[in-house]
Protein chains: 2
Amino acid sequence: MTETAPRPTLEAVAARAGVSRATVSRVVNGGDGVREPLVERVRRAVEELGYVPNQAARSLVTKRHDAVAVVIAEPETRVFADPFFALQLRGISKELTAHDSQLVLLLTEGRADHARVGRYLAGGHVDGALVFSLHLDDPLPELVQRAGVPTVFGGRPGWGDGTGSAVYVDSDNRGGAREAVRHLVGLGRRRIAHITGALDQTSAVDRLDGFRDVMVDADPGLVVEGDFTPAGGERAMRELLGRCPDLDAVFAANDLSASGALRVLRDEGRRVPDDVAVIGFDDMLPVAEQTDPPLTTVRQDIEEMGRLMARLLLRGLDRRAEDPGVGGVPSSVVLPTTLVRRASA
Amino acid sequence: MTETAPRPTLEAVAARAGVSRATVSRVVNGGDGVREPLVERVRRAVEELGYVPNQAARSLVTKRHDAVAVVIAEPETRVFADPFFALQLRGISKELTAHDSQLVLLLTEGRADHARVGRYLAGGHVDGALVFSLHLDDPLPELVQRAGVPTVFGGRPGWGDGTGSAVYVDSDNRGGAREAVRHLVGLGRRRIAHITGALDQTSAVDRLDGFRDVMVDADPGLVVEGDFTPAGGERAMRELLGRCPDLDAVFAANDLSASGALRVLRDEGRRVPDDVAVIGFDDMLPVAEQTDPPLTTVRQDIEEMGRLMARLLLRGLDRRAEDPGVGGVPSSVVLPTTLVRRASA
DNA sequence: TTGAAAGCGCTAACAT
DNA sequence: ATGTTAGCGCTTTCAA
């Protein structure tokens with residue numbers, strides 16, 4: 001905790017360089033329309049004084065903040081069980097940094113916080129928002145829309161009212177699930193089960209849909225609801241084994257639940273993949289590579305999703321800045337997934 | 001991406017309530033010294049207009065930002081392998097929220113980013129910083145000190161030059177390690193090995209020191225360097241088994257490496273804990289509870305560390321605000337750990 | 001091309 | 001107790 005020295009102002013730099021504040025301002029903001037020798041003088045003065053623009057003063061006049069809010073609804077989050085968010089954050093951070101924008105992180109803890117977030121977003125502190133709202137009934141999307149802040153969602157938002165036009169970035173959950181199940185079919189498996197994710201999240205629903213796309217008339221008993229956790233995977237696997245002892249493959253909605261399933265299969269003496277093939281989803285390395293056997297899974301590029309969200313948002317902001325009229329509304333993006341073959345299927 | 005409506009200003013609220021801007025300002029900032037009926041009128045006007053203060057304008061005059069930077073050096077991070085960091089963030093976020101402060105997240109990717117972070121911190125955009133710098137030779141601590149921003153570190157910073165006086169929050173790594181090893185000794189184990197963490201991090205060094213505190217004249221061959229990863233744990237365990245086939249206990253520097261060690265022990269046919277007792281560190285639930293057998297480990301309260309970091313920083317800021325002279329410099333805090341007994345030791 | 005000057009929206013003396 | 005007023009540091013017309 002050190003003492004904060006008073007920072008030099010534009011004024012100081014101007015004095016030192018022997019020019020006007022306006023000129024310094026121009027140089028600091030790119031230097032267009034200022035003759036080279038002056039630019040040089042100003043640059044030096046900036047350097048010598050260690051001048052850094054006061055963002056507050058700047059925002060006050062430009063109405064830009066060069067900051068983006070990232071809203072993550074915690075209540076439910078896998079946030080603390082897997083690196084999903086850390087990766088998204090990394091992607092987002094990289095992109096924002098390249099754009100000289102700051103990342104303001106808003107973690108919410110239940111409904112009380114929603115009001116706070118709404119107020120913050122409506123307060124015009126940031127240029128836009130990236131919102132992770134994975135739940136079907138999440139009030140966040142609507143709230144954000146009402147706040148009137150340009151927003152991009154992470155994952156397809158639930159089918160709330162006003163969110164029909166929401167811009168989002170998502171993985172091709174349905175397509176990825178299809179590919180996984182087709183792979184199992186290609187392996188000659190016939191009794192293919194599915195352990196779903198938490199079905200109040202669109203990703204889980206989409207993966208289930210993908211499973212059904214391929215297994216059009218599957219025995220309903222072969223689908224058991226999980227919750228994206230290892231424990232849920234174990235429970236589901238046990239139930240499946242009880243119901244359909246003859247199953248020969250399992251597609252789990254994510255790697256974590258697949259790891260739980262694997263454990264149960266081993267306990268029950270089923271060999272993987274010989275007796276039962278298993279596929280997960282995510283390609284969460286610390287899990288997928290460490291299971292026994294290593295997990296075949298559907299990879300989604302999580303960091304890229306983050307990067308893309310930021311890019312979409314920033315692009316929209318830029319467009320809007322150039323042409324405040326209509327405002328460029330980018331459209332949603334669905335990223336492809338890839339099947340990663342390891343030993344489990 | 002919706003259209004941003006122009007926000008009402010203090011002026012507008014004042015007009016509507018039929019008072020001066022100053023009065024509105026007073027009400028908005030707590031309402032001291034304003035008579036009740038007026039307060040009421042202003043409140044209503046604020047409500048009706050949906051007024052939210054412009055933070056930029058406010059900062060410009062108060063020189064406060066109600067924002068704190070959280071700096072996380074990525075290069076090295078376990079960030080993406082475990083929920084460590086998500087938990088700290090949660091703790092930090094809670095505390096900041098309670099204090100009406102925003103969290104600006106700065107993720108750094110190598111040296112190039114250091115300059116950026118330095119500039120940002122020096123730029124006076126935030127009231128203070130929380131810095132995670134786990135590496136011994138990390139330039140970040142010094143950089144931050146130079147920026148002159150009040151800072152609290154997460155984890156004891158490496159022994160860099162200027163950082164002697166740094167304020168930090170850490171777990172009692174050494175004490176926790178001692179407790180773990182003593183527990184093993186209490187179990188009657190005599191050939192106790194240690195798989196270290198990445199020794200360029202103070203936490204790993206401290207845990208190793210704790211191990212040595214108890215095993216004063218341990219066979220040096222019983223200490224192998226790991227890197228906090230499962231793969232590192234496997235490698236180290238194999239080496240230990242080669243060197244000292246008669247070992248009867250292992251203290252791993254974290255749960256992840258313990259999980260790797262467990263896998264190797266199982267592969268080698270050693271029963272845990274009968275033949276070899278194993279203890280980890282962290283009590284990282286998704287790992288510690290899922291290993292086979294469940295892991296006995298040293299728990300650190302990660303979320304609390306985050307909360308405490310924020311609290312320390314904010315307290316320092318408040319003190320400094322009241323008495324700009326000396327500025328209250330809080331001192332570092334070392335949080336106790338607790339041994340969590342499960343099945344592995 | 002450069003400078004002068006008018007605010008951006010707010011808080012904090014200072015007056016009343 | 002309330003209002004008046006002078007900036008905070010910057011960008012941005014507008015003139016020169």
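We name chains A, B, ... by the order of the sequence lines, and we start the count at 1 in each one.
Put simply, CD on Q55(B) is 12 Å from C1' on dT11(C), counting in whole angstrom units. Regarding E11(A), its CD atom lies at a distance of 9 Å from the P atom of dC8(D), rounded to whole Å. Per the geometry, CG belonging to N54(A) stands 16 Å off P belonging to dG9(C), to the nearest Å. Distance, R64(B) CZ to dC10(C) C1': 16 Å, rounded to whole Å. A straight line from NE2 of H125(B) to C1' of dC10(D) spans 13 Å, rounded to a whole angstrom. Residue D66(A) contributes atom CG, which lies 14 Å from atom C1' of dT11(D) at whole-angstrom precision. The distance between atom CG of L10(B) and atom C1' of dA12(C), rounded to the nearest whole Å, is 13 Å. One interatomic measurement links the two molecules: CG of L60(B) to P of dC8(D), which rounds to 9 Å at whole-angstrom precision.
Between K63(B) and dG9(D), a side-chain N or O to OP1/OP2 separation shorter than 4.0 Å is present. At dT11(D), one or more side-chain N or O atoms of N29(A) fall inside 4.0 Å of OP1 or OP2 (strictly under the cut-off). The phosphate of dT11(C) (OP1 or OP2) has a side-chain N or O of S25(B) nearer than 4.0 angstrom.
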Mind running side-chain contact (heavy atoms from CB on, under 4.5 Å) on I92(A) and R307(A) for me, showing each step along the way? CA-CA 5 Å; I92(A) 291 171; R307(A) 207 184 339 249; over 6 Å; no

Candidate pair R7(A) and V52(A), rule side-chain contact (heavy atoms from CB on, under 4.5 Å), full reasoning: CA-CA 8 Å; R7(A) 331 230 85 263; V52(A) 184; 4.3 Å; yes

Could you give me the CA-CA distance, side-chain angles and deciding distance for T23(A) and L38(A), then say whether side-chain contact (heavy atoms from CB on, under 4.5 Å) is met? CA-CA 9 Å; T23(A) 299; L38(A) 269 199; 4.2 Å; yes

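With distances taken from any side-chain atom of R58(A) to the nucleotides dG3(C), dT11(C), dC10(D), the minimum falls on dC10(D). When each of dT4(D), dT2(D), dT11(D) is scored by its nearest atom to the side-chain atoms of R35(B), the top-ranked nucleotide is dT2(D). Taking every side-chain heavy atom of A22(A) into account, dG3(C) is the closest of dT11(C), dG3(C), dA6(C). Residue T62(A) has its side chain nearest to dT12(D) when only dT12(D), dG3(C), dG9(D) are considered. Among the nucleotides dA4(C), dG9(C), dG7(C), the one closest to the side chain of S20(A) is dA4(C). With dC10(C), dC10(D), dT11(C) as the choices, the nucleotide that has an atom nearest any side-chain atom of R21(A) turns out to be dC10(D). Across dG3(C), dT2(D), dC10(C), the shortest atom-to-atom separation from the side chain of T23(B) is found for dT2(D). Nearest to the side chain of R26(B), among dT11(C), dT13(D), dG3(D), sits dG3(D).
Checking side-chain atoms of T97(B) against main-chain N and O of E95(B) turns up no donor-acceptor pair under 3.5 Å.
Place V52(A) and G18(B) on DNA chain D by their nearest nucleotides, and G18(B) ends up nearer the 5' end.
Summarising the geometry, atom NE2 belonging to H99(A) is positioned 9.0 Å from atom CG belonging to L96(A); distances are rounded to the nearest 0.5 Å.
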